[in-house]
Structure formats: structure tokens, C-alpha cells
K.L.:
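Before I ask anything, let me first share the structure, which is written out below as C-alpha cells.
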Amino acid sequence: MFRSGRTGRAGDTGPRAVDVQPACLGLYCGRTVLSVNGSVEIYGECGVCPRGQRTDDNKICRECLGSPDRYDWLYLGFMAMLPLVLHWFFIEWYSGKKSFSALLQHITALFECSVAAIVTLLVSDPAGSLQIRSCRVKKLSDWYTMLYNPSPDYITTVHCTQEAVYPLYTIVFIYYAFCLVLMMLLRPLLVKKIACGLDYAFPYIILVLSLVTLAVYLSASEVESFKDLLVRKKRLVVLFSHWLLHAYGIISISRLDKLEQDLPLLALVPAPALFYILTAKYTEPSRILSEGGNGH
């Protein structure tokens, strides 16, 4: 841990310099404030800043207390309109001449995206408000912090990847998740009600739910390798159960009308689990934090 004192002349009320030694390398590596005792701040090791914070000019992780500027709101508006425009395009593409059913689906899509946007703002910090707390975007590299992890000895990499543009990355994915949930809840009921000739959505619901529950289970069970799966038979049972659901969803979508074309799709069944296991070591939070604290 490091201690920093704030010094200045008697009666000086201006800004006081903060001296932190040794220096923290990299554009986005910083030291978290562990405690404050009067005018003295106690800092942790150099590493990645917690979510909702970014480094100041002195390489100290400071909480983001600003709000998005007009350009940020325009960016969020574009990301919010993107799924709505895609909804409308594919509704028109598949509805054909059934204008009334298409109109109902257009309205439903607008309702889904509007509710998803409002709920996303309400659950974001500060919760319960339509305003959001954000870090100001200072330069283009703020969007690509994973490209600026320093290597002090050219061997060990200090992982300081963070959301320097908080929450402009994560809030978009949260919004898309709410859009997906609302679409799965509302759209099948509407399609069944108007009977416009479109297929029911249960195969897609099976695939999405099985993917989400598998990812949650593997994460909660701390599965990071194939060896972790073999330690307990229960994990294999859960994995094979999800694979059966994946296969059932794929069969329901394709209907196996053309066996020579549809059967190879079943080879995709293990793909989500394999992708998770192969990438888990790169995204495990505690490992990133521990590696980030090894910087000098």
C-alpha cells in the first residue's frame, strides 16, 4: 500500500499536488483509494480501476460523477434505435401483404424497445433515475483500453482493461438484454393472436434460455477448463442436459426437412460450452485483478 500526503503553505486554499511513488505505468492503470485519514489517502497496488472509476492525471482511480454530454446521448440513441430498425425491417420482410398484422408488430417492437430503454436507465447508477452517472470520454483510446495494457519488463503484462467510457459499453448490452427478454415474452403472444402465418418462437426461446442458463451455471461453478468438468459427474449431467436442449432447439428450427443440410447443424451443439471454456481464463475477474496488481 502507498500513502500520499497533501502538502502546501499555511493558509493556501488552492489545489494541492499529490505525489505517488512509484509511478503507475500505462494509460489506464491506477491505484484505488483504500481509505482516507484527514488529508492523507491510502492507496492500493497499481492495477485496474473498479467499475465506475477511471484514473485522474495523478494515476489515482476516481469515481465517475459526471453525466453524458449531448454527443454521448446521441450515441446511446443510435444504439437504442438499431434493434428497433432491424425489428421493423424484418417484420416488413416476412409479413408480406398483411399490413394490419405488420402494423401491430411494428407497434409491439416500438413498445418493447421503449420499455427496455426506460428500464435500463432506471437500473443504471443512480438507480431509480432516468439520469446516468458516467466517465467523460477524453480520447479515442478510451474505447479500446484492452490495447493499452503495459508490459514493464516486456514479459509480464499488467492488465488494466476497464470501461473508461463507463457506462457507454455495458449500458448498451443491458439494454439489448432487456429487448431480448421483452421480445421473447410479448412477440410470441402477438404472433399467435394475429395468426399471420409466422412460425412460433419456442425453438428460439429454448436456444436462448439454454445458452443463458449454461453460461450462468458454468460461471457459478467456476468451470475454467475441461478438467473442472470432469471433477464432478453432476457438471457433466448438467452439460449433457443443455446439449440436448440445444439439439432440440436446432431440430425444431430446421425441422430436418433436408437431412443432408440440417444434420451438420447439430455439430454446433457443443460450440457454446467449448467457447466458454476456451475463453474463461481470459475473462475471469479475480485473475485480471490479481495480475493487474503486480505492476510496478
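Here the structure is a predicted model, which means the values were calculated and not measured.
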K.L.:
Do Val269 and Leu207 land in one hydrophobic cluster if side-chain heavy atoms of ILVMFWY residues count as linked below 4.5 Å?
P.N.:
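Yes.
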
K.L.:
Less than 4.5 Å apart, any side-chain heavy atom of Tyr166 and any of Asp125?
P.N.:
yes

K.L.:
So does Phe111 have more than 12 non-hydrogen atoms from other groups sitting under 6.0 Å from CZ?
P.N.:
no

K.L.:
Do Cys29 and Cys24 have their SG atoms under 2.5 angstrom apart?
P.N.:
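The sulfur gammas are not closer than 2.5 Å, so no.
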
K.L.:
Does one hydrophobic cluster hold both Ile107 and Met81, with members joined at side-chain heavy-atom distances below 4.5 Å?
P.N.:
no

K.L.:
Roughly how far apart are Gln105 CD and Phe90 CZ, rounded to 0.5 Å?
P.N.:
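The distance works out to 13.5 Å.
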
K.L.:
CG of Leu274 to OG1 of Thr279: how many Å apart, nearest 0.5 Å?
P.N.:
10.5 Å

K.L.:
Between OG of Ser35 and OH of Tyr43, what distance do you get to the nearest 0.5 Å?
P.N.:
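Reported value, rounded in 0.5 Å steps: 10.0 Å.
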
K.L.:
Phe178 and Leu86: same hydrophobic cluster, using ILVMFWY side-chain contacts below 4.5 Å?
P.N.:
no

K.L.:
Decide whether Trp143 and Leu27 are clustered together by the hydrophobic rule: side chain heavy atoms of Ile, Leu, Val, Met, Phe, Trp, Tyr closer than 4.5 Å, transitively.
P.N.:
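Same cluster: Trp143 reaches Leu27 through Ile, Leu, Val, Met, Phe, Trp or Tyr contacts under 4.5 Å.
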
K.L.:
Taking all non-hydrogen atoms of both residues into account, name the closest pair between Leu25 and Pro150 and its distance.
P.N.:
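That closest heavy-atom pairing would be O-CG, 3.8 Å.
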
K.L.:
Evaluate whether atom OH of Tyr248 has more than 12 neighbouring non-hydrogen atoms of other residues, nucleotides or ligands under 6.0 angstrom away.
P.N.:
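Not more than 12 within 6.0 Å, no.
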
K.L.:
At their closest point, which heavy atom of Ala109 faces which heavy atom of Trp88, and how far apart are they?
P.N.:
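What the structure gives for the nearest pair is CB-NE1, 4.0 Å.
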
K.L.:
For Arg51, give me all partners under side-chain hydrogen bond (donor to acceptor under 3.5 Å, both in side chains), at least two apart in sequence or on another chain.
P.N.:
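For Arg51 the side-chain hydrogen bond (donor to acceptor under 3.5 Å, both in side chains) partners, ignoring immediate neighbours, are Thr170.
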
K.L.:
State, to 0.1 Å, how close Thr161 and Val48 come at their nearest heavy-atom pair, and which atoms those are.
P.N.:
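Heavy atoms of Thr161 and Val48 come nearest at O-CG2, 3.2 Å.
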
K.L.:
With clusters built from Ile, Leu, Val, Met, Phe, Trp and Tyr whose side-chain heavy atoms come within less than 4.5 Å, directly or transitively, what are the remaining members of the cluster of Val208, listed by chain and number?
P.N.:
Leu180, Met183, Met184, Ile205, Leu209, Val212, Val216

K.L.:
Under 6.0 Å from the NZ atom of Lys138, do we count more than 12 heavy atoms belonging to anything else shown?
P.N.:
yes

K.L.:
For Ile91 and Ala102, work out which heavy atoms get closest and say how close.
P.N.:
CG2-O, 3.8 Å

K.L.:
Can you name the nearest heavy-atom pair linking Asp72 to Asp69, along with the distance?
P.N.:
N-OD1, 2.8 Å

K.L.:
Partners of Cys61 by disulfide bond (SG atoms under 2.5 Å apart), sequence neighbours excluded?
P.N.:
Cys49

K.L.:
For the CD atom of Glu112 and the CG atom of Leu190, what is their distance to the nearest 0.5 Å?
P.N.:
8.5 Å

K.L.:
Kindly work out whether a path of hydrophobic side-chain contacts (I/L/V/M/F/W/Y, heavy atoms less than 4.5 Å apart) joins Trp73 to Leu65.
P.N.:
no

K.L.:
Say you draw a straight line from CG of Asp142 to CZ of Arg136; how long is it, rounded to the nearest 0.5 Å?
P.N.:
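Reported value, rounded in 0.5 Å steps: 11.5 Å.
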
K.L.:
Would you check if Ile118 and Leu122 make a side-chain contact, meaning some heavy-atom pair closer than 4.5 Å?
P.N.:
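They are in side-chain contact.
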
K.L.:
Give the ring-plane orientation class for Phe240 versus Trp243, where under 30° counts as parallel, over 60° as perpendicular and anything between as tilted.
P.N.:
perpendicular

K.L.:
What I'd like to find out is whether the side chain of Val33 reaches to under 4.5 Å of the side chain of Arg62, using heavy atoms alone.
P.N.:
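Val33 vs Arg62: side chains touch.
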
K.L.:
Going by the side chain to side chain contact (heavy atoms under 4.5 Å, CB included) test, name the single residue among Pro68, Pro167, Pro126 that passes it with Arg133.
P.N.:
Pro126

K.L.:
Do Tyr276 and Leu214 make a side-chain contact, defined as non-hydrogen atoms from C-beta onward lying under 4.5 Å apart?
P.N.:
no

K.L.:
Is the shortest heavy-atom distance from the side chain of Val238 to the side chain of Arg232 under 4.5 Å?
P.N.:
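Heavy-atom side-chain distance check fails, nothing below 4.5 Å.
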
K.L.:
Shortest non-hydrogen contact from Glu63 to Gln53?
P.N.:
CA-CG, 3.7 Å

K.L.:
Rounded to the nearest 0.5 Å, what's the gap from OG on Ser124 to CD1 on Ile132? Could you check?
P.N.:
6.5 Å

